[in-house]
Every structure is written in C-alpha cells, then in structure tokens.
Amino acid sequence: MLTNILSISLGAILIENFIFSQFLGICPFMGVSKKMDTAMGMGLAVTFVMGVASMFTWLVNEFLLIPFEIEYMQTVAYILVIAALVQFVEMFLKKSIPSLYQALGIYLPLITTNCAVLGVAVLNTQNGYNFIESVVYGVTGGLGFTLAILLFASVRERTEFAEYPKPFEGFPIALVSAGLIALAFMGFTGLKIW
C-alpha cells in the first residue's frame with residue numbers, strides 16, 4: 001500500500017506533472033506566474049481545490065453516480081463540485097487574505113474551469129483509485145502544479161533582467177522558458193517505483 005501511495009505521489013508530482021507532462025491547467029500557469037508570491041498563492045489554492053475535489057468527486061461517484069447508474073453525468077457532477085469548492089476558496093481568500101485575492105484577480109474563479117482540477121477528478125475515476133489513493137493523487141497533483149508554477153515564476157522573474165532579442169520580450173520568452181522546463185521534466189519519463 002505504501003509503495004502504491006509513493007508511486008502515485010511521485011507520478012503526480014514529477015512523472016505525470018499536470019503542467020509539463022499532461023499540459024493541463026496552462027491558463028493560470030501562464031497568467032499568474034509573473035511573481036513568486038502570486039504563484040505560491042495560486043499553487044496552494046489549486047492544491048487545496050484538487051485535494052478536496054478528489055475527495056468529494058470520489059464520494060459523488062461511488063455513492064451517487066454508480067448506484068443510480070448515471071455515470072454519464074460524471075463531468076457535470078464533477079464541475080458542480082469543483083465550482084462549489086472554488087467559491088469557498090474565493091470567499092475565504094477575500095475575507096482572510098485580501099491582498100492575495102486581489103493579486104490573483106480573474107484567475108481565482110478560473111480554477112473552476114481549470115482543466116487540471118477536472119482532470120484529476122476524471123483520472124481518479126479512470127485509474128480506479130480508492131478513496132485514499134484519490135485524495136493522495138489530488139493533493140500531490142496539486143503539489144506538482146505548485147512546483148511547476150513556482151519554478152516558472154522564478155524563471156520569469158529572472159528573465160525580466162536578462163538580455164535577449166527584442167522579438168522575444170514578454171510572452172514569447174515565457175513560452176520558450178516553459179518549453180525548456182518541460183523538456184527537463186521529460187527526464188522523469190519512464191521512472192518506476194517498484
């Protein structure tokens with residue numbers, strides 16, 4: 001069991017990273033990664049939502065969709081659960097950390113439509129994970145997202161002071177940087193935990 005949990009964790013963080021390997025959740029990744037503090041806030045918010053969404057979507061699937069034989073409603077049910085969780089996170093940040101709430105801006109409600117959050121819920125079901133494995137995959141998938149966005153934010157902060165050709169200013173150099181980091185993550189492809 002412990003080896004399976006470790007395998008799921010390392011897979012979600014490094015091998016099958018939602019950003020660099022599966023290319024899910026690119027919108028907030030590109031939009032909120034200009035500064036380390038906003039990247040950290042977004043990463044933690046996504047990690048929380050992915051972990052809790054994995055828990056609730058597993059429960060909805062096992063105790064509502066499968067017993068009533070309405071698995072075809074899976075996507076709709078998962079999006080409703082995720083939307084409710086994001087509303088909770090948004091209200092919490094607005095009350096307790098208004099500066100982070102303002103810094104995240106439009107990208108905070110976009111967690112609802114973040115395909116990485118929906119992806120983790122669907123992949124939990126497709127992989128046949130039990131409750132514990134689903135939660136572990138959700139949390140570690142969020143940690144992988146956080147790792148990716150923090151690495152990218154640190155690179156973007158450094159590129160502000162770097163010299164490169166004029167046509168690469170702004171978004172193009174960000175795409176090149178993201179591509180190079182994704183290439184580095186390809187080094188984890190094929191890693192297995194026995």
Side-chain angles (χ1 to χ4, degrees), residues 1-32 42-93 104 107-150 178 182 185-186 188-194:
M1 177 73 173
L2 184 61
T3 305
N4 195 27
I5 297 295
L6 183 62
S7 176
I8 290 170
S9 300
L10 282 178
I13 295 171
L14 298 174
I15 303 165
E16 298 168 3
N17 186 286
F18 280 97
I19 297 290
F20 295 131
S21 296
Q22 298 185 35
F23 306 109
L24 298 173
I26 300 295
C27 179
F29 172 73
M30 295 302 286
V32 186
M42 177 58 84
L44 293 176
V46 168
T47 300
F48 174 78
V49 170
M50 285 175 94
V52 177
S54 294
M55 180 174 48
F56 282 113
T57 55
W58 187 89
L59 292 170
V60 165
N61 191 52
E62 289 296 315
F63 297 111
L64 184 67
L65 301 178
I66 293 174
F68 291 107
E69 297 178 0
I70 53 173
E71 291 94 344
Y72 59 89
M73 294 293 293
Q74 184 180 72
T75 304
V76 174
Y78 289 179
I79 288 174
L80 289 173
V81 168
I82 292 165
L85 290 171
V86 170
Q87 287 298 316
F88 171 74
V89 169
E90 193 172 356
M91 289 186 306
F92 173 78
L93 288 178
L104 293 176
Y107 294 101
L108 186 59
L110 283 178
I111 294 175
T112 302
T113 58
N114 186 341
C115 53
V117 179
L118 179 60
V120 76
V122 171
L123 287 170
N124 281 334
T125 304
Q126 287 178 351
N127 293 334
Y129 291 151
N130 62 33
F131 182 76
I132 300 295
E133 292 170 338
S134 293
V135 173
V136 166
Y137 186 64
V139 170
T140 56
L143 292 175
F145 180 90
T146 304
L147 173 68
I149 200 168
L150 286 175
F185 268 74
M186 283 181 62
F188 296 114
T189 303
L191 181 67
K192 297 274 186 211
I193 305 293
W194 297 97

Original post:
Given side chains that start at C-beta, do those of Glu133 and Asn127 come closer than 4.5 Å, heavy atoms only?
Top reply: no

Original post:
Can you tell if the side chain of Thr125 reaches within under 4.5 Å of the side chain of Tyr78, non-hydrogen atoms only?
Top reply: yes

Original post:
Ignoring hydrogens and geometry, is there a side-chain-to-backbone donor-acceptor pair from Ser21 to Ile15 under 3.5 Å?
Top reply: yes

**OP:** Starting from the C-alpha separation in whole Å, work towards a yes-or-no answer on side chain to side chain contact (heavy atoms under 4.5 Å, CB included) for Ile26 and Ile19.
**Re:** CA-CA 6 Å; Ile26 300 295; Ile19 297 290; 4.2 Å; yes

Subject >> Heavy-atom pair of closest approach, residues Gly138 and Ser54 >> reply: CA-OG, 3.2 Å

**OP:** May I ask you to check whether Phe29 and Phe18 place their ring centres under 6.0 Å from each other?
**Re:** no

**OP:** Can you sort out the partners of Tyr129 under ring-ring contact (aromatic ring centres under 6.0 Å, His included), two or more places apart, ordered by chain and number?
**Re:** Tyr137

**OP:** Indicate the atoms forming the closest heavy-atom contact of Glu16 with Gln22, along with that distance.
**Re:** O-NE2, 3.0 Å

Subject >> Matching residue for Val117 among Val81, Val49, Leu85, Thr57 - test: side chain to side chain contact (heavy atoms under 4.5 Å, CB included) >> reply: Val49

Original post:
Considering all heavy atoms of both residues, which atom of Ile111 and which atom of Ala45 are nearest to each other, and what is their separation?
Top reply: CD1-CB, 4.0 Å

Original post:
Checking Thr47 side chain against Gly43 main chain: does a donor-acceptor pair fall under 3.5 Å?
Top reply: yes

Subject >> Nearest atoms (heavy-atom pairs only) where Ile132 meets Asn130 >> reply: N-OD1, 3.1 Å

Original post:
Between Phe48 and Val89, is a side chain to side chain contact (heavy atoms under 4.5 Å, CB included) present by the stated rule, with each step listed?
Top reply: CA-CA 9 Å; Phe48 174 78; Val89 169; 3.4 Å; yes

**OP:** Please tell me if the side chains of Pro28 and Val46 come closer than 4.5 Å, counting only heavy atoms from C-beta onward.
**Re:** no

Original post:
For the residue pair Phe185 and Phe20, does the interplanar ring angle fall in the parallel (under 30°), tilted (30 to 60°) or perpendicular (over 60°) class?
Top reply: tilted

Original post:
Do the side chains of Val120 and Phe145 get nearer than 4.5 Å, heavy atoms only?
Top reply: no

Subject >> Test applied, side chain to side chain contact (heavy atoms under 4.5 Å, CB included); reference residue, Gln74; option that passes from Ile79, Asn61, Ile66 >> reply: Asn61

Original post:
Shortest non-hydrogen contact from Gly25 to Cys115?
Top reply: N-SG, 3.2 Å

